[in-house]
Amino acid sequence: LFSNLGRMYRIKAYEIPEGSRTSKGMNIVNIVPLMPGEKITVILPASELDEDNYIAMVTKKGTIKRTKVSEFRNTRKSGIIAISIDEDDELGFVRMTDGNQNIFIATHKGLAIQFKESDVRAMGRNARGVRAISMREGDTVMDMAITDENTKLLTVTETGYGRISNISDYRLQSRGGKGLTNYRTEKYGKVAATIPVNEDDDIIMIASN
């Protein structure tokens with residue numbers, strides 16, 4: 001589990017009580033000791049931590065960091081630092097990679113960038129990271145995906161519009177650029193999510209209420 005403050009906690013899935021679709025669930029602070037103002041933003045399922053894999057992290061303000069999975073093997077119950085975060089930023093997205101894929105990042109105001117993950121050198125746990133995308137004033141990262149040449153992307157807006165695109169529609173760029181237009185948000189609403197899908201996938205969407 002990764003928090004907005006850039007900390008990582010590791011638990012067994014069975015420690016989370018199973019419930020029905022309508023049950024309330026358990027407060028996460030009963031499972032991991034969160035600090036004041038801290039909240040879990042990403043849950044990453046992993047049956048085993050492969051030495052050859054990486055964990056890629058992106059903040060809301062467009063900073064990216066890539067760290068070897070082996071750096072997270074010794075996790076204390078109280079959590080460990082996964083990425084150093086600026087005071088006005090927060091960790092929003094975490095994905096597992098194999099070291100040879102591409103990274104796709106979409107913003108709230110409809111921009112997107114795709115670059116090789118090798119453009120981000122591997123760093124230690126305490127590092128801050130580097131610039132992934134340069135955003136306009138008031139924009140924020142809304143999603144990230146790990147991609148290859150066969151990826152299809154589903155983009156959904158806050159007003160309920162959606163579209164599936166081939167990853168080939170987004171040419172590879174250099175890390176840190178402004179990106180390309182992903183969605184015309186002035187007409188269809190700002191981007192809520194962009195996720196990789198297969199043609200035979202089922203899609204579940206959950207509204208804010």
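When only modelled atom types and interatomic distance are considered, Tyr188 and Glu158 share no side-chain donor-acceptor pair under 3.5 Å. No hydrogens or angles considered: a donor-acceptor pair under 3.5 Å links the side chains of Thr147 and Gln114.
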Lys152/Ile167 under side chain to side chain contact (heavy atoms under 4.5 Å, CB included): CA gap, chis, key distance, verdict: CA-CA 6 Å; Lys152 294 181 183 294; Ile167 195 62; over 6 Å; no
Derivation of the side-chain hydrogen bond (donor to acceptor under 3.5 Å, both in side chains) call for Thr97 and Arg95: CA-CA 6 Å; Thr97 78; Arg95 303 286 184 269; over 6 Å; no
Asn102 vs Leu172, side chain to side chain contact (heavy atoms under 4.5 Å, CB included): CA-CA, chis, key distance, verdict: CA-CA 9 Å; Asn102 298 327; Leu172 280 174; 3.8 Å; yes
Leu111 vs Met135, side chain to side chain contact (heavy atoms under 4.5 Å, CB included): CA-CA, chis, key distance, verdict: CA-CA 8 Å; Leu111 294 177; Met135 293 183 293; over 6 Å; no
Check against side-chain hydrogen bond (donor to acceptor under 3.5 Å, both in side chains), Asn4 and Thr41: CA-CA 6 Å; Asn4 61 322; Thr41 54; over 6 Å; no
Residues Lys61, Asp86; criterion salt bridge (charged side-chain N to carboxylate O under 4.0 Å, His left out); working and verdict: CA-CA 10 Å; Lys61 292 206 167 183; Asp86 292 341; over 6 Å; no
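With contacts defined as side-chain heavy-atom distances shorter than 4.5 Å, the pair Leu180/Ile113 does not qualify. Contact check for Glu90 versus Lys39: side-chain heavy atoms found under the 4.5 Å cut-off. In this structure the side chain of Val69 never reaches within 4.5 angstrom of the side chain of Tyr54, judged on heavy atoms. Counting only heavy atoms from C-beta outward, the side chains of Ile64 and Phe115 approach each other to under 4.5 Å. At least one side-chain heavy atom of Ile40 sits less than 4.5 Å from a side-chain heavy atom of Leu34. Phe72 is listed as a side-chain neighbour of Thr67, based on a closest heavy-atom distance under 4.5 Å. With contacts defined as side-chain heavy-atom distances shorter than 4.5 Å, the pair Val197/Ile195 qualifies. Contact of the Thr107 side chain with the Ile133 side chain is registered, since non-hydrogen atoms from C-beta on lie closer than 4.5 Å.
Interatomic distance, CD1 of Ile31 versus CD1 of Ile28, reported as 4.5 Å (0.5 Å rounding). Taking CD1 of Ile146 as the start and CD of Glu117 as the end, the distance is 6.0 Å to the nearest 0.5 Å. Between atom CD1 of residue Ile80 and atom CG of residue Asn126 there is a gap of 9.5 Å, rounded to the nearest 0.5 Å. How far CZ of Arg10 is from NZ of Lys12: 6.5 Å, rounded to the nearest 0.5 Å. Between atom CG of residue Leu91 and atom NZ of residue Lys60 there is a gap of 9.5 Å, rounded to the nearest 0.5 Å. Annotation: the span from Thr59 atom OG1 to Asp89 atom CG amounts to 3.5 Å, rounded to 0.5 Å.
Of all heavy-atom pairs spanning Ala46 and Met96, the tightest one is CB-CE, 3.8 Å. Thr185 and Lys109 make their closest contact through OG1-O, 3.4 Å (heavy atoms, listed as atom of the first residue, atom of the second, distance). Summarising the geometry of Ile81 relative to Arg7, their closest heavy-atom pair is CG1-NH1, 3.9 Å, with the distance given to 0.1 Å.
When hydrophobic clusters are built by joining Ile, Leu, Val, Met, Phe, Trp and Tyr residues whose side-chain heavy atoms come closer than 4.5 Å, directly or via intermediates, Met144 is grouped together with Val120.
Checked against ring pair (Phe, Tyr, Trp, His ring centres under 6.0 Å), Tyr170 has the following partners two or more places apart in sequence or in another chain: Phe104.
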